[in-house]
Amino acid sequence: MPELPEVETIRRGLAARLEGRRLRRVVQRRPDLRQAMPARLRERLEGRRVERLDRRAKYLLMRLDDGAVLILHLGMSGRLLIGGQTTAPPDRHDHLIFETDDGTVVRFNDARRFGLVDLSSEAELAGHKLFQGLGPEPLGNDFNGPVLAASLAGKATPIKAALLDQKVVAGLGNIYVAESLFWAGLSPKRLARTVQGERAERLAQAVRRVLGEAIDAGGSTLRDYVQASGELGYFQHRFAVYDRARQACPGCDCALARTDGIRRIVQAGRSTFYCPRRQR
DNA sequence: CGGCAAACCTGCGAGC
DNA sequence: TGCTCGCAGGTTTGCC
């Protein structure tokens with residue numbers, strides 16, 4: 001569920017409440033997420049001060065004053081919510097709960113348990129298994145048309161699948177791949193290796209613009225996702241193609257044409273939405 | 001190595 | 001009302 005814009009929105013919401021605060025109380029409930037939570041998590045976190053909240057790809061990094069770094073991933077259904085109680089949580093899917101010295105409570109809630117919580121250190125972070133091979137941050141200075149073209153060169157897979165690959169570029173998921181390919185005018189079925197030169201340039205620009213606008217809108221809420229404050233995201237109202245099968249894409253009469261509007265197909269087991277008229 | 005389907009787990013909406 | 005089915009924003013695994 002949460003892709004880069006949702007994770008970034010949550011990061012900003014949490015940073016405002018957590019940075020500089022001390023973790024007074026940590027409650028671990030179910031440890032069996034995608035991977036088991038680290039042992040003695042409570043002992044290792046309680047009493048620590050939160051220096052900073054950062055993001056790498058779809059991971060949130062909570063940097064603590066003793067050099068420890070808590071790594072959080074939300075999987076498909078994970079949420080981080082401000083508010084609630086550390087004791088007798090109302091929700092059976094609250095797996096980890098923090099309470100700070102000013103009484104702020106943050107709950108990690110994940111019904112499907114595809115998320116994960118891990119603990120590392122500043123020293124070991126760069127070499128951490130989860131970050132090995134991750135591609136560039138799409139909103140950073142290391143991502144542009146030539147970089148993208150180089151990483152797509154020789155790939156026989158459809159461009160849709162290539163963009164979902166976190167080694168190519170970090171942080172995209174099913175929604176923002178669909179939206180980026182639409183704005184770049186590229187068919188999701190096009191072979192990745194053919195996205196070179198001007199096409200790669202257009203795609204890199206589209207990725208950056210779509211992600212930036214989605215962050216400005218607080219992410220996209222389809223079902224589970226909410227910001228840390230509980231507020232919904234708003235970018236779903238601006239989807240060009242995602243979840244809009246048979247409707248018209250922006251500024252196009254495709255819905256009236258033989259193509260019958262935005263098409264839904266399945267690629268690598270996942271829904272793909274695109275306009276066959278505007279995306280080649 | 002590359003590419004794809006299936007698996008992980010729970011919840012929800014649609015259809016009967 | 002209640003059942004079954006399909007589907008969901010991610011990532012890993014195992015198979016060809």
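For the numbers below, each heavy atom of this structure counts, side chains included, while hydrogens, waters and symmetry mates do not. All chains are named by letter (A, B, ...) in the order of the sequence lines, taking the proteins before the strands, and each is independently numbered beginning at 1.
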So, OP1 or OP2 of [N]: does either fall under 4.0 Å of a side-chain N or O from [X]?
| X | N | value |
| --- | --- | --- |
| Arg270(A) | dG9(C) | yes |
| Lys155(A) | dG2(B) | no |
| Gln166(A) | dG10(C) | no |
| Lys58(A) | dT11(C) | yes |

Could you tell me the separation between the [atom1] atom of [X] and the [atom2] atom of [N], rounded to a whole number of Å?
| X | N | atom1 | atom2 | value |
| --- | --- | --- | --- | --- |
| Leu191(A) | dG2(B) | CG | P | 15 Å |
| Leu74(A) | dA8(C) | CG | P | 20 Å |
| Leu60(A) | dG10(C) | CG | C1' | 15 Å |
| Asp224(A) | dG10(C) | CG | P | 12 Å |
| Tyr225(A) | dG10(C) | OH | P | 14 Å |
| Leu232(A) | dG9(C) | CG | C1' | 15 Å |
| Gln35(A) | dT11(C) | CD | P | 13 Å |
| Phe131(A) | dT12(C) | CZ | P | 11 Å |

Open item on the list: side chain to side chain donor-acceptor pair (under 3.5 Å), that's the test. Do Glu3(A) and Tyr225(A) meet it? Break it down for me.
Closed with: CA-CA 10 Å; Glu3(A) 306 179 34; Tyr225(A) 167 74; over 6 Å; no
- [ ] Just call it for Tyr176(A): base, sugar-phosphate, or nothing, with non-hydrogen atoms closer than 4.0 Å on any strand.
- [x]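 Counting heavy atoms under 4.0 Å across all strands, no contact is made by Tyr176(A).
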Open item on the list: Just to be sure I understand the rule, does Ser271(A) reach a base, reach only the sugar-phosphate, or reach nothing, if contact means heavy atoms closer than 4.0 Å?
Closed with: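 Answer is sugar-phosphate: Ser271(A) comes under 4.0 Å of backbone atoms only.
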Task: Separation between CG of Leu130(A) and CZ of Arg56(A), rounded to the nearest 0.5 Å - done: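 Leu130(A) CG to Arg56(A) CZ: 11.5 Å, rounded to 0.5 Å.
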Task: CG-CZ distance between Leu23(A) and Arg48(A), expressed to the nearest 0.5 angstrom - done: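 Result: 9.0 Å between the selected atoms.
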Ignoring hydrogens and geometry, is there a side-chain-to-backbone donor-acceptor pair from [X] to [Y] under 3.5 Å?
| X | Y | result |
| --- | --- | --- |
| Arg52(A) | Glu19(A) | no |
| Glu122(A) | Val69(A) | no |
| Asp110(A) | Gly115(A) | yes |

Task: Stem segments of DNA chain B by first residue number [Watson-Crick or G-U, under 3.5 Å, at least 3] - done: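 Correct response: B:2-8 with C:10-16, B:10-16 with C:2-8.
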TODO: Determine, for Arg55(A) against Glu8(A), whether the closest basic-nitrogen to carboxylate-oxygen distance falls under 4.0 angstrom.
DONE: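 Salt bridge: yes.
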Open item on the list: For a quick check, with a 4.0 angstrom heavy-atom cut-off, what is the B/S/- contact string for nucleotides 5-13 of chain B, read 5' to 3'?
Closed with: S--BBBS--
- [ ] For a salt bridge (Lys or Arg N to Asp or Glu O under 4.0 Å) with Asp32(A), tell me which candidate from Arg29(A), Arg34(A), Arg30(A) qualifies.
- [x]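 With Asp32(A) as partner, Arg29(A), Arg34(A), Arg30(A) yield a single salt bridge (Lys or Arg N to Asp or Glu O under 4.0 Å), made by Arg30(A).
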Task: Nearest-nucleotide pick for Arg34(A), side chain only, options being dA8(C), dC4(B), dT11(C) - done: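 My answer, after comparing the listed nucleotides, is dT11(C).
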Open item on the list: Asp54(A) vs Arg11(A), test: salt bridge (Lys or Arg N to Asp or Glu O under 4.0 Å). Steps then yes/no.
Closed with: CA-CA 7 Å; Asp54(A) 290 310; Arg11(A) 185 197 70 75; 5.2 Å; no
Open item on the list: Looking only at the aromatic ring of each residue, does the gap between the centers of Phe273(A) and Phe239(A) stay below 6.0 angstrom?
Closed with: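 No; Phe273(A) has its ring centre 6.0 Å or more from that of Phe239(A).
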TODO: Quote, to the nearest angstrom, the P distance that separates dC3(C) from dC9(B).
DONE: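 Their P atoms lie roughly 23 Å apart.
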